[in-house]
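Just the heavy atoms: all of them, side chains too, but no hydrogens, waters or symmetry mates, feed the values below. Here is how names work: the chains are called A, B, and so on, in the same order as the sequence lines, proteins then strands, and each is numbered from 1. The structure displayed is predicted, hence computed values, not measured ones.
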Protein chains: 2
Amino acid sequence: MAAKRRAQMVEETRAKLIQAARKAFATKGYAAASMDELTAEAGLTRGALYHNFGDKKGLLQAVIGQIDAEMVARMRAAQNQAETRWLGFLAEGVAYIEMALEPEIQRIMLLDGPAVLGDPSLWPNQTACLRATMQTIQALIDEGTVTPMDAEAAARLINGAALNASLWIAAADDPHAVFAKAVEAFRYLAVGLLQTER
Amino acid sequence: MAAKRRAQMVEETRAKLIQAARKAFATKGYAAASMDELTAEAGLTRGALYHNFGDKKGLLQAVIGQIDAEMVARMRAAQNQAETRWLGFLAEGVAYIEMALEPEIQRIMLLDGPAVLGDPSLWPNQTACLRATMQTIQALIDEGTVTPMDAEAAARLINGAALNASLWIAAADDPHAVFAKAVEAFRYLAVGLLQTER
DNA sequence: AATAGAAACATACGGAGCGTATGTCAATTT
DNA sequence: AAATTGACATACGCTCCGTATGTTTCTATT
């Protein structure tokens with residue numbers, strides 16, 4: 001074993017713990033996940049966990065931070081692939097709904113996260129995600145594509161609608177059919193809220 | 001003490017336990033609430049709890065059922081006070097946002113409930129609440145007030161938007177100012193989604 | 001280069017809480 | 001009036017979290 005830098009070793013153990021935690025939280029849920037099993041699966045003990053993350057909530061925060069960064073990246077990718085900013089905005093919403101379909105994201109980000117850490121809009125990274133949506137909306141207002149209004153209010157309502165849509169889809173018997181209906185309604189909602197003259 | 005009916009006694013103990021649980025869940029959160037303390041405050045022991053509700057989740061279900069019934073009643077009241085069905089629909093949404101401002105409803109119905117029991121749309125009473133919204137929307141479509149579309153999809157998106165709006169308000173530094181902005185945006189959203197010709 | 005110090009992680013301990021198994025008493029039934 | 005069932009209390013075990021302590025390895029200083 002080559003002599004690695006201390007910081008690198010630490011980063012590896014943190015990554016291993018977060019990896020194991022993601023898996024356990026996603027499958028068993030936060031409350032039912034045992035920290036002994038977690039750490040054992042990562043080849044460590046609870047000592048490493050409490051040293052690196054403080055407590056169980058700290059570990060959840062780290063997991064959420066990682067997932068959230070991935071979500072932001074995917075939303076930006078959807079935005080960048082679109083031809084216009086407006087289409088990109090719609091694509092972001094659809095991408096959000098798609099992501100929220102994954103059990104891991106459902107369980108950790110939408111159910112356990114808020115219950116344990118409180119309102120997601122106060123999380124640092126989620127704020128970043130919301131901020132991105134707000135900036136897009138503001139840009140759309142500035143370029144005259146959408147009706148002037150409070151960008152933050154619009155972003156929050158649209159995000160909320162998308163979130164609930166994905167929860168609906170995930171609980172449905174026929175997710176694909178419901179997904180189509182939800183996306184269609186979401187487009188109507190976005191157009192109606194942002195492009196209606198008042 | 002007069003000889004009471006057996007069933008009546010049972011109903012009283014159930015009510016006492018639910019009452020104590022509401023208080024504890026609302027203030028400490030579901031996970032941190034101790035069933036020993038709960039039952040002691042109600043003048044009982046954990047034996048009564050497990051006998052009546054099966055387990056801790058069962059107690060939460062009972063609490064949620066009670067709160068949800070109250071919420072439905074308040075939404076119906078808002079609907080009935082309005083002059084037209086459409087105004088009543090908007091009033092329902094505002095009433096929902098107002099209710100979700102209360103810490104008890106936030107904590108139990110919006111945070112812990114979904115985390116412990118899963119997606120709210122699968123809860124029996126919540127389904128009733130959603131069904132009421134759906135029926136209102138369908139009636140509005142039938143009478144020609146709103147644009148024809150999938151009533152369930154519309155109801156879910158609007159409910160989701162209202163839900164997120166209330167979470168936003170509750171976490172804000174100045175809830176009153178944010179409340180005004182959220183309600184305004186919510187009206188725009190409802191009008192835009194439901195009354196835009198396509 | 002050697003030693004002192006600190007960081008990273010493991011081990012050990014105590015306490016709290018949930019669920020179940022068992023016990024007791026009152027009420028209903030026959 | 002005796003028996004049986006139901007409502008609730010008591011007692012126990014098990015798991016799990018958080019902390020306190022121990023050990024080893026890396027880093028820093030001279």
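- Using a 4.5 Å heavy-atom cutoff, the side chains of A:M99 and A:E70 are not in contact.
- Distances shorter than 4.0 Å separate some side-chain N or O of A:N52 from OP1 or OP2 on C:dC9.
- Separating the CD atom of B:E37 from the C1' atom of C:dA16 is a distance of 10 Å, rounded to the nearest angstrom.
- Looking at the side chain of A:V10, the nearest of the listed nucleotides C:dA8, D:dC8, C:dA10 is C:dA8.
- In this structure, B:M9 atom CE and C:dA26 atom C1' are separated by 10 Å, rounded to whole Å.
- OP1 and OP2 of C:dT11 both lie 4.0 Å or more from every side-chain N or O belonging to A:T45.
- Both A:Y30 and A:G47 lie close to DNA chain D; mapped to their nearest nucleotides by heavy-atom distance, the more 5′-ward contact belongs to A:Y30.
- As a whole-Å value, the separation of A:R46 CZ from D:dG18 P is 8 Å.
- In this structure, B:K16 does not pair ionically with B:E41, as no charged nitrogen and carboxylate oxygen lie closer than 4.0 Å.
- When the P atom of C:dA8 is taken as reference, atom CZ of A:R14 falls 10 Å away, rounded to whole Å.
- In this structure, the nucleotide among D:dG18, C:dG19, C:dA10 sitting nearest to the side chain of A:K56 is D:dG18.
- When the P atom of C:dC18 is taken as reference, atom CZ of B:F53 falls 15 Å away, rounded to whole Å.
- Nucleic acid contact for B:A31: none, since no nucleic acid atom lies under 4.0 Å from a heavy atom of the residue.
- The interatomic distance linking B:L38 (CG) with C:dG19 (C1') rounds to 15 Å, in whole Å.
- Per the geometry, CD belonging to B:E12 stands 21 Å off P belonging to D:dG6, to the nearest Å.
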Q: Could you please spell out the steps behind the side chain to side chain contact (heavy atoms under 4.5 Å, CB included) verdict for B:I158 and B:L194?
A: CA-CA 10 Å; B:I158 285 182; B:L194 296 173; 3.8 Å; yes

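- Positionally, the nearest nucleotide of DNA chain D for A:S34 lies more toward the 5' end than for the other of A:S34 and A:G54.
- Relative to the side chain of A:H51, the nucleotides C:dA8, D:dC8, C:dA10 differ in distance, and C:dA8 lies closest.
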Distance-only criterion, 3.5 Å: show the donor-acceptor pairs between side-chain atoms of residues 177-185 of chain A and protein atoms not counting sequence neighbours.
| unit_1 | atom_1 | unit_2 | atom_2 | d |
| --- | --- | --- | --- | --- |
| A:K181 | NZ | B:D150 | OD2 | 3.3 |
| A:E184 | OE2 | A:Y188 | OH | 3.2 |

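- For the pair A:Y50 OH and C:dT11 C1', the computed distance is 14 Å after rounding to whole Å.
- Backbone-only contact: B:L44 has heavy atoms under 4.0 Å from sugar-phosphate atoms and none from a base.
- Distance from the side chain of A:A48 is smallest to C:dC9 among D:dA9, C:dG19, C:dC9.
- Within the 4.0 angstrom heavy-atom criterion, only backbone atoms of the sugar-phosphate kind lie near A:A33; the bases stay farther away.
- Taking 4.0 Å as the cut-off between side-chain N and carboxylate O, A:R76 and A:E92 do not count as a salt-bridged pair.
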